[in-house]
Amino acid sequence: MTGADLQRWQLSRRTFLAGSLAAGAGAALAACSTKTAPGANLTTQPTSVPAALAEPIKAAEAARPHTGRTVTATLTPRPVTVDLGGKVVKTLGYADTVPGPLIRANVGDELQVTLVNKLDKPTSAHWHGIALRNDMDGAMPATPDIPAGGSFTYKFSVPDAGTYWVHPHVGVELDTGLYLPLIIDDPKARADYDTEWIVMLDDWTDGVGRSPQQILDDLKKGGMGQMSEAGGGSLLGGDPGDVTYPYYVVNGRIPEAPNTFRAKPGQRIRIRFINSGSDTAFRVALGGHRMKVTHTDGFPVVPTDVDALLIGMGERYDVIVTAGDGVFPLVASAEGKNALGRALLATGVGTAPVADFRPPELNGKVGTIDLFAAPEEAQLKFTKPDTELVADLTAADAAYQWGINGSFPDNKPLTVWQDQQATLTFVNKTRMWHPMHLHGHTFAILNPDGTQGARKDTVIVLPGQSVKVAILADNPGYWPMHCHNTYHAEAGMLTSFDYLN
Ligand SMILES: [Cu+2]
């Protein structure tokens, strides 16, 4: 590419990320990128995955477990009208409900999910947390976005049990009703619980307040100057978020009309928490109960009792509670934002507390990432690094522009060779926390003494702090690595984790 071509490409790529690129232009873009010489990805963000990785990607897929069973589903992202509990809003959804319908499969099953795009703009389905084949990831550049009116069938094996979720990876579409839970079961694992409750947390604006696009435009107009320090007393340090939302919803319901989960007293309930928000960490607690944390981001942790849990965008936590007798509020406090969402657990007679009730558990022992560690059998087989990568998390002084080693798409991708052991250090040079997410892999948090903490695909990095993780380069492809704050990612806090070839 000439310099002028590159500039043009970067401009069209920015447009593409804003979700307004026509399908024809997408084809032209792909055609252009195939002319890029191998290795060109070392200095610029990739436009496509090189053909030389096709065989390694196929081989990695073949090496995954395969049961021979296929689980099919159809998603039709489209404009919908949903009732948040007396508050009826127009938004976008995968179905007529928010969250969208559960997709569930066993380890080794093949998912075959057809997405029929009934939006007036491109979209995708990203399988958050799944170590899947690169060309089914539902994110550029490995998977082309699906143009308005188009359709695509995602086909891939699911290798690991756990709590995952699905959302678009285009523009700010995530900050609508486009999300659903994805649960992978291991039939060989002992189910140490009686019943299960999937709890999706979300900060809600679409159809009520400003649209996600308007929020992004306003943030860009306002620059960094408008950032608050209001959450200074929160667990997040500094600025808890960039957006004040009209509502915080749990399973698509506002606190005044909560989703109610029914169980019997004494039953052991596995609660699967998923933060599908765009700019809000939630501190969750179940009134009158302690929670035994058993998993995060799909993988087991040494079981640990807490009163509450801090969950950043994109993170998941599984807990077990033993149900009391009565009606109990499950409260998701928007960390540092002085607002909450909630649901109810009902096992007997009783009256729900008022909608803004905050159970004392919220201020008890709060589970943050440093409290958890993977048991030995779930640890990464990591010995010593072949390569040590650094991700500097940055903010521009004035403009609303975020970055990872520079702002996307002008930053350089991080690169590894297949089968390398890598460390990656997130260095947060900003005054705000960031939930950092890597596609296609889980990483192990590395403690200062070299031991492994929890296995994660999304980790909170507090302002001014660093988090070091270990990664096994065992899933070839080009993988997005980004902040899971929707607005930060759209404003440049995105890069690519690329396998060399
Ligand atoms: Cu961020």
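Atoms within each ligand, like the ligands themselves, are counted from 1 in listed order.
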- Query: Relative to the ring of H167, is the ring of W165 parallel (under 30°), tilted (30 to 60°) or perpendicular (over 60°)?
  - Reply: tilted
- Task: Among D318, D307, D305, find the residue that satisfies the salt bridge (charged side-chain N to carboxylate O under 4.0 Å, His left out) test when tested with K292.
- Result: D305
- Task: Look at the aromatic rings of F372 and Y317 and report parallel, tilted or perpendicular, splitting at 30° and 60°.
- Result: tilted
I'd like a table of donor-acceptor pairs (distance under 3.5 Å, sequence neighbours excluded) in which one partner is a side-chain atom from residues 462-475, with atom names and distances.
from	atom 1	to	atom 2	distance (Å)
N475	OD1	R64	NH2	2.7
N475	ND2	L132	O	2.9
N475	ND2	G440	O	3.0

- Task: Identify, with sequence neighbours excluded, every residue that meets ring pair (Phe, Tyr, Trp, His ring centres under 6.0 Å) alongside W127.
- Result: Y154, F156
- Could you give all pairs that pass the salt bridge (charged side-chain N to carboxylate O under 4.0 Å, His left out) test and reach residues 361-374, with sequence neighbours left out? none
- Query: Any idea how many protein N, O or S atoms are nearer than 2.8 Å to the Cu ion (ligand 1)?
  - Reply: 3
